[in-house]
Amino acid sequence: LEGELAHKDSMGNGSVMRPGDVQRMSAGRGVQHSEFNHAQGLTHFLQIWIEPAQPGGDPGYEQTHFDAAAKQGRLCLVASPDGSEGSVTLRQDARLYAGLFDGAQSASHALGASRMAYVHLVRGRLQVNGEWLQAGDALKLRDEASVQLGHGEQAEVLLFDLPKNS
């Protein structure tokens, strides 16, 4: 979210993450890794764990960048089971969207009958299905047909589309 985070691992990967980057690391049967502040000053990031559908497997690593324009006023797919739309791949029936909303910008995301949503507001203020969220707030939605996002105030949001059994 802010600053630079360096990553190194025993698979030979090394990178520096900057705002807009999304990284997926799967430990699989085992990997050693380190993360550390790469720059002077504040580094603010989110580390999110999504358990794979099947444990084990080979370790893996991916990193890609989604600029602000790709997320402005819309939900941008950043992680999915099949890597569609340039997203990083997950070994789980889950999709992660990122969006930036301000003013009159809004978005709607349909949920299937067997799906639920988890919404995490990273920064700003945003209305989600009629509920106001502040930076750091989260909302779990079950038995909803869709997720409605709007009335953002410099809002950055993550929306997880998950199977209901999560």
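The structure displayed is predicted, hence computed values, not measured ones.
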Query - Criterion side-chain contact (heavy atoms from CB on, under 4.5 Å) on Asp21 and Gln63, from CA distance to verdict - result: CA-CA 7 Å; Asp21 288 350; Gln63 183 173 321; 3.3 Å; yes
Query raised in the report: Partners of Val128 by side-chain contact (heavy atoms from CB on, under 4.5 Å), sequence neighbours excluded?
Result: Val119, Leu126, Leu133, Leu139, Leu141, Val147, Leu149
Report task. Please identify each residue that fulfils side-chain contact (heavy atoms from CB on, under 4.5 Å) with Ser114, with sequence neighbours left out. Result -> none
Query raised in the report: Minimum heavy-atom separation for Glu85 to Phe66, with atom names?
Result: O-CE2, 4.4 Å
Query raised in the report: Can you name the closest pair of heavy atoms from Gly30 and Pro59 and give their distance?
Result: O-CG, 3.6 Å
Please round to the nearest 0.5 Å and tell me the distance separating atom [atom1] of [X] and atom [atom2] of [Y].
X: Gln23; Y: Thr64; atom1: CD; atom2: OG1; value: 11.5 Å
X: Ser26; Y: Leu90; atom1: OG; atom2: CG; value: 8.0 Å
X: Ile48; Y: Phe160; atom1: CD1; atom2: CZ; value: 3.5 Å
X: His109; Y: Leu77; atom1: NE2; atom2: CG; value: 9.0 Å
X: Ser146; Y: Asn129; atom1: OG; atom2: CG; value: 6.0 Å
X: Ser15; Y: Glu4; atom1: OG; atom2: CD; value: 11.0 Å

Query - Backbone of Gly150 reached by a side-chain donor or acceptor of Ser106 within 3.5 Å - result: no
Query raised in the report: Does Arg125 use its side chain to pair, donor to acceptor, with the backbone of Gly152 at less than 3.5 Å?
Result: no
Query raised in the report: Side chains of Thr89 and Glu62: do they bring a donor and an acceptor to under 3.5 Å?
Result: yes
Report whether [X] and [Y] are members of the same hydrophobic cluster (ILVMFWY, side-chain heavy atoms less than 4.5 Å apart, transitive linking).
X: Ile50; Y: Leu159; result: no
X: Leu96; Y: Leu162; result: yes
X: Val157; Y: Leu111; result: yes
X: Val122; Y: Met17; result: no

Side-chain contact, heavy-atom cut-off 4.5 Å: [X] with [Y]?
X: Tyr97; Y: Val78; value: no
X: Leu158; Y: Leu46; value: yes
X: Gln92; Y: Pro52; value: no
X: Arg123; Y: Gln154; value: no
X: Arg95; Y: Ser84; value: no
X: His65; Y: Val22; value: no

**Report entry** side-chain hydrogen bond (donor to acceptor under 3.5 Å, both in side chains) between Gln72 and Gln105, intermediate numbers included
**Finding:** CA-CA 8 Å; Gln72 192 64 56; Gln105 296 173 329; 2.8 Å; yes
Report task. Please step through side-chain hydrogen bond (donor to acceptor under 3.5 Å, both in side chains) for the pair Gln47 and Glu35, ending with a clear verdict. Result -> CA-CA 11 Å; Gln47 184 174 65; Glu35 297 161 338; 3.2 Å; yes
Requested in this report: Could you label the plane-to-plane angle of the His120 and Tyr118 rings as parallel, tilted or perpendicular, counting under 30° as parallel and over 60° as perpendicular?
Outcome: parallel
Requested in this report: Start with the C-alpha gap between His7 and Asp9, add the side-chain angles, then the distance that decides, and say whether side-chain hydrogen bond (donor to acceptor under 3.5 Å, both in side chains) holds.
Outcome: CA-CA 7 Å; His7 166 92; Asp9 64 44; 2.8 Å; yes
**Report entry** Under-4.0 Å salt bridge between Arg91 and Asp58
**Finding:** no
Requested in this report: Taking the six-membered ring for Trp and the full ring for Phe, Tyr or His, determine whether the centres of His33 and Tyr61 are under 6.0 Å apart.
Outcome: no
Query raised in the report: Counting only heavy atoms not in Glu144, do more than 12 sit closer than 6.0 Å to its CD atom?
Result: yes
